[in-house]
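Report on one structure; see the data block that follows.
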There are 2 protein chains.
Amino acid sequence: MLGMPDPPIVRIDLGSGAPAYAQIVAQLRALLVSGALAPGTRLPTVRQLAVDLGVHHNTVALAYRTLAEEGWLELRRGRGAVVVAREGQRANSRAQEEFSRRLEGLLAKAAADGLSPKAIVREFEALGRELWKEKRR
Amino acid sequence: MLGMPDPPIVRIDLGSGAPAYAQIVAQLRALLVSGALAPGTRLPTVRQLAVDLGVHHNTVALAYRTLAEEGWLELRRGRGAVVVAREGQRANSRAQEEFSRRLEGLLAKAAADGLSPKAIVREFEALGRELWKEKRR
DNA sequence: CATGCTTGTACAATGTATATGTACAATAGT
DNA sequence: ACTATTGTACATATACATTGTACAAGCATG
């Protein structure tokens with residue numbers, strides 16, 4: 001079975017309202033936090049990922065640049081995007097407040113859309129396991 | 001102690017990146033879901049809330065209209081905005097997916113910003129209690 | 001080392017979203 | 001009736017998101 005193309009590393013939902021570049025950033029960040037993308041890993045080129053997702057390569061480039069500014073990636077012309085080791089951030093109160101506010105909005109929206117508290121908690125626990133499974137070692 | 005103005009029903013963070021009207025929607029929806037704003041309650045006028053928050057009244061009006069379309073409010077010229085009883089939504093898979101995706105992004109962002117898993121879980125539980133405290137009766 | 005290809009980047013152009021300024025329509029109170 | 005209050009409609013200004021196109025830096029092959 002040769003020539004089987006790998007599935008794209010991320011999958012975005014165009015027409016979801018959320019900007020494409022932000023979706024790319026969010027999903028890649030999740031993979032980076034979980035350790036699924038370890039330092040040294042080379043990301044697909046901006047053009048490759050762009051065609052996979054059906055967006056312009058500059059849109060992917062903006063996502064990569066955002067993550068590079070956060071310290072996750074190293075970008076160089078002609079070489080590509082490589083995951084780098086990133087020193088842990090100190091939790092500032094700003095981030096804490098921002099998180100609290102957004103989480104409240106998200107939970108309220110889910111409840112308004114009919115999701116049961118049980119389903120919400122289940123999802124939370126599942127995602128938590130996924131995100132920290134590598135880090136717990 | 002007369003003339004003591006009530007604190008605004010919501011508090012938004014201008015310069016937080018998130019659109020003002022979306023922040024208003026999110027916070028009001030949280031109050032509506034929790035039952036803190038029960039059917040029959042009258043919301044502040046668009047102009048009143050606008051000056052409280054330092055935005056234009058049309059911005060508040062857009063937020064109110066959004067919630068009205070979701071079935072939370074009834075809007076009428078000259079009368080104001082009143083909370084109405086809203087029949088519960090059925091949980092569609094669309095909403096479930098959207099929630100999962102956004103929650104994953106939010107948790108990853110929090111972790112990237114240095115928040116510990118413990119702090120994240122604590123916040124989640126606190127908000128959950130707040131959101132469903134009235135509904136559990 | 002020269003040439004061509006691959007990679008990320010810069011920048012202008014376009015469309016969409018967000019916020020505002022202003023005027024209007026419907027309702028309530030007098 | 002009249003006036004004040006309330007949400008609404010619409011045009012305008014500005015910021016954001018996405019794209020088209022051209023460029024700069026690194027790599028590979030001869």
Side-chain angles (χ1 to χ4, degrees), chain A residues 8-29 37 40-84 102 105, chain B residues 5 8-28 37 40-84 102 105:
Chain A
I9 194 174
V10 294
R11 201 169 54 89
I12 69 175
D13 178 10
L14 231 57
S16 126
Y21 90 93
Q23 293 184 48
I24 300 171
V25 167
Q27 290 204 25
L28 286 180
R29 190 161 38 211
L37 290 177
T41 307
R42 187 167 175 178
L43 292 187
T45 72
V46 291
R47 289 162 220 265
Q48 182 59 53
L49 187 52
V51 298
D52 288 348
L53 300 180
V55 297
H56 197 271
H57 64 260
N58 272 348
T59 299
V60 177
L62 175 56
Y64 279 13
R65 220 169 304 138
T66 302
L67 291 170
E69 282 169 9
E70 290 183 14
W72 293 108
L73 303 181
E74 189 185 58
L75 299 178
R76 292 242 204 117
R77 303 182 170 184
R79 305 187 60 172
V82 179
V83 180
V84 298
R102 289 206 196 178
Chain B
I9 195 173
V10 295
R11 199 167 55 88
I12 69 174
D13 177 12
L14 231 54
S16 124
Y21 90 93
Q23 293 184 48
I24 299 171
V25 168
Q27 290 205 24
L28 286 179
L37 289 177
T41 307
R42 187 166 174 180
L43 293 188
T45 72
V46 291
R47 289 161 219 265
Q48 182 59 54
L49 187 51
V51 298
D52 287 349
L53 301 180
V55 297
H56 197 269
H57 64 259
N58 272 349
T59 299
V60 177
L62 175 57
Y64 279 14
R65 220 170 303 138
T66 303
L67 291 169
E69 282 170 9
E70 290 183 15
W72 293 107
L73 303 181
E74 188 185 59
L75 299 178
R76 292 243 204 115
R77 304 183 167 182
R79 305 186 60 171
V82 179
V83 179
V84 299
R102 289 206 195 177

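Just so it is clear: chains get the letters A, B, ... in the order the sequence lines come, proteins before strands, and each one is counted from 1. Values in this document were obtained by computation on a predicted structure and should not be read as measured data.
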Taking atom [atom1] of [X] and atom [atom2] of [Y], what is their separation to the nearest 0.5 Å?
X: B:L62; Y: B:H57; atom1: CG; atom2: NE2; value: 12.0 Å
X: A:I24; Y: A:I9; atom1: CD1; atom2: CD1; value: 11.5 Å
X: B:L67; Y: B:L73; atom1: CG; atom2: CG; value: 5.0 Å
X: B:L43; Y: B:Q48; atom1: CG; atom2: CD; value: 12.5 Å

Short side-chain N/O contact from [X] to OP1 or OP2 of [N], under 4.0 Å:
X: B:T45; N: D:dT5; value: no
X: B:R79; N: C:dA26; value: no
X: B:R65; N: D:dT8; value: yes
X: B:T59; N: C:dT20; value: yes

Rounded distance (Å) that lies between atom [atom2] of [N] and atom [atom1] of [X]:
X: A:R42; N: C:dT6; atom1: CZ; atom2: P; answer: 13 Å
X: A:Q48; N: C:dC5; atom1: CD; atom2: C1'; answer: 15 Å
X: A:N58; N: C:dA10; atom1: CG; atom2: P; answer: 10 Å
X: A:L49; N: C:dG8; atom1: CG; atom2: P; answer: 10 Å
X: B:H57; N: D:dG7; atom1: NE2; atom2: P; answer: 10 Å
X: A:H56; N: C:dT14; atom1: NE2; atom2: C1'; answer: 13 Å
X: B:R77; N: D:dT6; atom1: CZ; atom2: P; answer: 15 Å
X: B:L62; N: D:dT8; atom1: CG; atom2: P; answer: 10 Å

Problem - Close approaches to DNA chain C from residues 8-27 of chain B, in residue order (heavy atom, under 4.0 Å) - result: B:P19, B:A20, B:Y21
Handout entry: Sub-4.5 Å side-chain heavy-atom contact between B:L28 and B:W72
Key = no
Problem - Nearest atoms (heavy-atom pairs only) where A:A20 meets A:I12 - result: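 Shortest heavy-atom separation between A:A20 and A:I12 comes out as CB-CD1, 4.1 Å.
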Handout entry: Most 5' of B:R47 and A:R47 on DNA chain C, judged by nearest nucleotide
Key =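 Looking at the nearest nucleotide for each, A:R47 comes out on the 5' side.
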Practice task
With heavy atoms under 4.0 Å as the rule, sort B:R76 into base, sugar-phosphate or nothing.
Solution key: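 It contacts sugar-phosphate atoms only.
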Problem - Short side-chain to backbone donor-acceptor contact, A:R42 and A:R79, under 3.5 Å - result: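 A pair under 3.5 Å: yes.
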